[in-house]
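Some notes on the structure that comes next.
Residue numbers begin at 1 in each chain, while the letters A, B, ... track the order of the sequences.
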Amino acid sequence: MEAATNIFSSSIYSWYEKHGRKDLPWRKNITPYSVWISEIMLQQTQVKTVIPFYERFMKKFPDLNAISDASEEEILALWTGLGFYRRAKNIFAAKEIVKKNFDNNFPSTFDELVSLPGIGKSTAGAILSIAYKKSFPILDANVKRVISRHDKVDVSEKKSDNKLWQLSDLYTPNKKIFEYTQGIMDVGATVCSIKKPTCIECPVSKTCKTAFEEIKVIRKSKKEKPQREIFFKLAHSNNKFLLFKKNSKSFWESLWVPYEDEGIKNDKIFKKPLKRNQQKFNHALSHLDLMITIEIFEYKKPFKISTNREHQWICRDEIKNYGLPKPIKHIIDNHV
DNA sequence: GACTCGTGGAA
DNA sequence: TTTCCAAGAGT
């Protein structure tokens, strides 16, 4: 068993040295902080999507010192369009804890890392192995796919994650941990791809229990995604936009959106506009299909409204300093 | 353990 | 076109 696991891990890290994706932006100037930011951004998000967000983020906040006094709003602003906005709020909360409890030194132990909001077992493993070169396993979607195929683990079974964590732990080597961790993710992302794995190029195909097998597509039970209608009123005047900070525990929490009609009573906080028009479109979230209606009102000048919802007239040039959902940002940029 | 939480790449 | 799902974590 010992020898077999050695062959697995050494095959992976040897492969990495030849074929790894070493040009990714988070694989240059590696620090615990940079690994942390990249790992959070990469949660459930494809590499290609993350790259521009990561570069923008690191340009503004290149290190822990630079981000230590940042507001949650500044961090959310850099997250606009990336999705899963809780991650940005968690980065803010985590760096506050690092400042307060760790004297602004990034933690380097597993227990300390997983105590930070947004860092779970796999992200902690990635930070420990990539930034600190400590031998810890990860289990992201790539590793899950590589190992489940290699050892023929049925991922549709309820407790398959437990077995996969055991195997990931078993294969994780003590030496070359950096190259191994990066390597197994790269194998999963490039060679052991979802639909058409190229087993001929795989470093562990000799021991893989499903190498060169046909990938059968498993149809999951298709359950209807719930639909929800939401109605916004977007007031603007002289290139300023009246936006409200969402405080619901639902989606887009803490992001800035137009006035949301609750539909209970017909709110009359908007006076008669100079012009008005309407946009209707669908927008898919991960768990909801939104049908969005935005009424757009133009006014001669900004006006005060009476509401206890947090709100602000925000200049077009200042919008970039606020966190907005993608479709709202799009409307303001392209249709007003 | 099942939901919630965004957006877009890829086929 | 629709469908799947991505460097997961929190509740």
* Asked: Can a salt bridge be assigned to the pair A:Lys163 and A:Glu157 using a cut-off of 4.0 Å between side-chain N and carboxylate O?
  -> no
* Salt bridge between A:Glu253 and A:Arg86, side-chain N to carboxylate O under 4.0 Å? -> no
* Asked: Which one of A:Lys22, A:Lys18, A:Arg27 satisfies the salt bridge (charged side-chain N to carboxylate O under 4.0 Å, His left out) criterion with A:Asp186?
  -> A:Arg27
Nearest-Å distance for atom pair [atom1]/[atom2], residues [X] and [N]:
X	N	atom1	atom2	value
A:Lys158	B:dA2	NZ	C1'	9 Å
A:Lys144	C:dA7	NZ	P	12 Å
A:Ile138	C:dA9	CD1	C1'	15 Å
A:Phe53	C:dA7	CZ	C1'	16 Å
A:Lys89	C:dT11	NZ	P	12 Å
A:Ile119	C:dG10	CD1	C1'	14 Å
A:Ile215	C:dC4	CD1	C1'	15 Å

* Taking the P atom of each, how far is C:dA7 from B:dA2, in whole Å? -> 24 Å
* Residues touching DNA chain B, which here means a heavy atom under 4.0 Å, drawn from residues 12-42 of chain A -> none
* Intermediate values then yes/no, side-chain contact (heavy atoms from CB on, under 4.5 Å), A:Ile12 and A:Val204 -> CA-CA 7 Å; A:Ile12 296 284; A:Val204 294; 3.9 Å; yes
* Asked: Just to confirm, is there a sub-4.0 Å distance from OP1 or OP2 of C:dA7 to any side-chain nitrogen or oxygen of A:Thr123?
  -> no
* Asked: How is A:Ala126 classified with respect to the nucleic acid when contacts are heavy atoms under 4.0 Å: base, sugar-phosphate, or nothing?
  -> nothing
* Between the side chains of A:Tyr13 and A:Gln182, is a donor N or O closer than 3.5 angstrom to an acceptor N or O? -> no
* Earlier contact from the 5' end, DNA chain C, for A:Met185 and A:Gly118 -> A:Met185
* Smallest separation among heavy atoms of A:Ile177 and A:Thr172, with atom names -> CD1-CG2, 3.3 Å
* Once you round to the nearest 0.5 Å, how far does OG of A:Ser71 lie from CG of A:Asn321? -> 9.0 Å
* Asked: Taking the six-membered ring for Trp, are the ring centroids of A:Tyr171 and A:His150 within less than 6.0 Å of each other?
  -> yes
* Asked: For every nucleotide of nucleotides 4-11 of chain B, 5' to 3': is a protein heavy atom under 4.0 Å from its base (B), only from its sugar-phosphate (S), or from neither (-)?
  -> BBBBSBS-
* To do: Ignoring hydrogens and angles, tell me if any N or O in the side chain of A:Thr210 forms a donor-acceptor pair with the backbone of A:Arg149 under 3.5 Å.
  => yes
